[in-house]
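Remarks on the structure that follows.
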Amino acid sequence: MPFPKSAARLENLQLAWRWIRSNPDRSYKSHFRELYSAYATADTALLRHLKSRLDRSIFEPSDSCKLFLPKPSGILRPYTLLGIEDQIVYQAMANIVAERLYPRVRSKYNRQVFGHQYAGNSSLWFYRRWTDGYKAFNKAAERAFGHGYVWTASFDLTAFYDSIDHNVLRHMLKEIGLDHDFCIELTRLLNRWTATTTQIYHDHGIPQGPLSSGLISEAVLKHFDENFRTRFDVKYFRYVDDIRLFAKSEDHLRHALVSLDRLSKDMGLFPQSGKIDIHRVTDIQNELKSVSSPVEVVLSGPAPDQPGIRRRLAELAPREGGYRVTDSTRFKFLLSRAEPSLRVLDRLWRVFEVAPHYYPQVSGYLQRFHSLPDRHGDLLLDHIQAQDLYPAIRASLVVAADERLSATHTKRLRSTLKKLWAPRTNTPELTAALWSALHRLSHLTERQADYALLYSRIPWLRSRLHFGMPWFEISSGRRDRLLNISMRSKDADVALAAAWLAPLLDCEIRRPIRDLHPIAKIVLRENGKLRRADTKVCGIRLAVLEMTGIDFAVNWRKFYGKNYRHAESKIVACKGYFKTNPTAWVSMLDVFNDLLIDDLFKRDGSIGARNLGNFGGVIGNRAFMAKYPKTYAYVTEVHKKRGEGELSHPIVKATKAPTGRIPFKWLTTGRRLMSAALAELSGAGY
């Protein structure tokens, strides 16, 4: 499937890259800061290289990295880390969606729709400030309450991002004027990015975490905005997937909820029945639980009132209530302004024990201490050892423990963390946290470190480990060896990380240069480590590799010469059919083979001559059969099989039987024949 030209424009890719860098979500950017810096050193050349691959339809998405974060309910929220080029491509497509969607929704901004508001292509940021939308949401609710709409209910969707069906998404995108090819390509990419490490691919969901997903979700949620109807007077306000209704009577509210329920069923979405909670509002401020309204008195002065903050935190998580937080938003906000205090920390441990989803706040607060008393060191180490249910919590506490414990507790930490080191089975965030801590504790062997750096399954993790490696503490020979291996990785982010580090560490770039990843070559050239480098990506080589699993040493550009782009377009299309349509795959492969043998005959005059398109000149050619027996068997068998496919002829010429669909099991035969033929051509020096 060709990549949409509108999304692949260089100006659009540059805009996507700018918005990714200006993303205000510090949590997401924290996973990529060094990688963004590496990409920025050569972003002009890298974006041009990306555009070339998109134009030729040879860009392939990488598998995402999934983190699973505990929610208050105890289940897990998936958080998706995309490769840097995947982020740019996703954002580039979201830009096109945003421009088509904006004219249809802008009139509803801050009237009915308050979240993920597109800021326009001239803005430094992709979205308008979320705080402005949130304040407008609260004010709209206050006005409704003031006018007598005192009954309310919240209509929230269950696992909304994960549940969006790709057929539904394509339908909604076509409604705003996007063509079929654009919709198919976007959902093809989403299919790859939403899968977990099991590589079981889904036809539903969008990744949580990337900047682009909020806008893509708006294309689906607009169905509620445009189609919500009720014959009663009900106020409708939506902040992302949380719809708040206000009415003057309970009966009116129930009619409105039924209308929303029907709309959700249109799209295969499911409301969270437990969160609907129809009730009469008595205190609108308490209902909204806004941080900004009313203003916290302890924060109203020129400097935060620290004793006052401690009192308010005690009120929000009282001992009498079993240290359960009564207002989560306000509690987190006040805690972010609190200075290190052992009284607060004591209370925070109690909160954490009854509500472990507050682990980011616990870890962040611990990190404000230069050193921890032994009593708190014991608690921290006990939780690290005992926390085997949620790796994300354990990883966060490992980060908090780093360089804050006494000598005795540091020794215990060293022993505890080494027992936890298991990069083959640990989650990526835990491995990354252990990597940094164990290196600072000098408690990883060279073999353990090299294995994790080079062979961890997840590309994001390997790139992260590169930035956390104590490179100056290892020998130059080992350093050069590791970086040179990584610069030849098939994973773009790993090669990018290594190529950015190489000039900083004065790494020797070992030959052959042609084996370096093209992205690594571009970064090395921009940093002066290479004078020149061929950064062209061979689409034929990539397509053959994906279909056969073998990287054949055939110089396809030299083999095809001026016909290279023609042949590349055919085999790239062929690759697209490999996993989806064997009948189309065989037909397209026969076309590619026609070009293959045409150039082979031109280069080797000893096997005769032929006219392109005339396959009869090949069948029975004794010279061709004798010199290239495996290639001959491959092209003739594929041509014969094509004649049995319903996309080529109505009947099989030899038997007069009706043609039909070629079964998937023939892919194994076709792949085996192709592998043998290409190995033969490679051995012949092509």
Side-chain angles (χ1 to χ4, degrees), residues 101-119 127-157 160 214 217-218 220-267 269 271-297 299-300 316 326-331 333:
L101 182 64
Y102 181 60
R104 300 180 63 130
V105 298
R106 62 183 172 185
S107 63
K108 295 180 173 65
Y109 280 180
N110 291 336
R111 292 176 59 247
Q112 288 182 312
V113 177
F114 301 89
H116 291 144
Q117 299 177 356
Y118 178 52
Y127 298 118
R128 299 180 185 183
R129 290 177 59 183
W130 74 269
T131 50
D132 292 344
Y134 193 66
K135 288 176 184 176
F137 178 77
N138 286 339
K139 287 180 180 178
E142 290 170 5
R143 281 196 301 270
F145 178 75
H147 287 99
Y149 295 82
V150 296
W151 284 88
T152 190
S154 182
F155 187 88
D156 204 359
L157 295 167
F160 170 60
S217 74
E218 289 295 309
V220 176
L221 290 165
K222 75 173 178 58
H223 185 71
F224 289 103
D225 308 334
E226 294 176 347
N227 296 286
F228 172 68
R229 301 283 188 276
T230 176
R231 66 180 186 271
F232 300 106
D233 186 11
V234 177
K235 298 295 183 183
Y236 167 101
F237 307 125
R238 181 174 64 78
Y239 190 87
V240 192
D241 63 332
D242 182 7
I243 298 173
R244 182 63 71 94
L245 301 175
F246 286 89
K248 293 183 177 180
S249 78
E250 181 180 356
D251 184 58
H252 293 178
L253 206 58
R254 291 190 180 277
H255 278 84
L257 287 169
V258 169
S259 175
L260 288 177
D261 191 29
R262 289 181 181 277
L263 291 174
S264 67
K265 287 174 170 52
D266 286 345
M267 299 183 289
L269 300 172
Q272 296 192 51
S273 56
K275 286 190 175 182
I276 289 178
D277 187 24
I278 301 172
H279 62 280
R280 187 184 183 101
V281 180
T282 54
D283 183 343
I284 189 63
Q285 301 300 340
N286 184 59
E287 182 74 25
L288 298 174
K289 296 184 178 179
S290 166
V291 169
S292 57
S293 177
V295 175
E296 286 285 348
V297 176
L299 301 177
S300 60
L316 291 167
T326 57
D327 187 333
S328 178
T329 303
R330 197 172 292 273
F331 182 79
F333 179 67

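Computed from a prediction, not measured in an experiment: that's the story for all the values here.
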If you take all heavy atoms of [X] and [Y], which pair is closest and at what distance?
{"X": "H255", "Y": "D251", "result": "ND1-O, 3.0 Å"}
{"X": "L221", "Y": "V240", "result": "CD1-O, 3.5 Å"}
{"X": "D241", "Y": "D156", "result": "O-OD1, 3.2 Å"}
{"X": "L157", "Y": "Q272", "result": "O-NE2, 3.1 Å"}
{"X": "L288", "Y": "A141", "result": "CD2-CB, 3.8 Å"}
{"X": "A144", "Y": "K235", "result": "CB-CG, 4.1 Å"}

With rounding to the nearest 0.5 angstrom, report the [atom1] to [atom2] distance, [X] to [Y].
{"X": "D327", "Y": "N286", "atom1": "CG", "atom2": "CG", "value": "7.5 Å"}
{"X": "R128", "Y": "Y118", "atom1": "CZ", "atom2": "OH", "value": "11.0 Å"}
{"X": "K248", "Y": "Y149", "atom1": "NZ", "atom2": "OH", "value": "4.5 Å"}
{"X": "T152", "Y": "I276", "atom1": "OG1", "atom2": "CD1", "value": "12.0 Å"}
{"X": "L257", "Y": "S273", "atom1": "CG", "atom2": "OG", "value": "11.5 Å"}

Fill in the blank from the handout: Residues pairing under side-chain hydrogen bond (donor to acceptor under 3.5 Å, both in side chains) where one sits in residues 106-116, two or more places apart or in two chains, turn out to be N110-Q117
Practice task
State whether D261 and K265 are salt-bridged, where the test is any N-O pair (Lys NZ or Arg NE/NH1/NH2 against Asp/Glu carboxylate O) under 4.0 Å.
Solution key: yes
Practice task
Could you tell me whether E218 and K222 have a side-chain N and a carboxylate O separated by less than 4.0 Å?
Solution key: no
Handout entry: Residue of the set Y239, F114, F237 for which ring-ring contact (aromatic ring centres under 6.0 Å, His included) holds with Y134
Key = Y239
Practice task
Answer with yes or no whether the side chains of D277 and S154 bring together a donor and an acceptor at under 3.5 Å.
Solution key: no
Problem - N/O donor-acceptor pair under 3.5 Å between S259 side chain and F228 backbone - result: no
Handout entry: Any donor-acceptor pair under 3.5 Å from T326 side chain to L316 backbone
Key = yes
Practice task
Name all residues meeting the ring-ring contact (aromatic ring centres under 6.0 Å, His included) criterion together with H147; count only those two or more places apart in sequence or in a different chain, and write none if there are none.
Solution key: none
Practice task
Identify, with sequence neighbours excluded, every residue that meets ring-ring contact (aromatic ring centres under 6.0 Å, His included) alongside F145.
Solution key: none
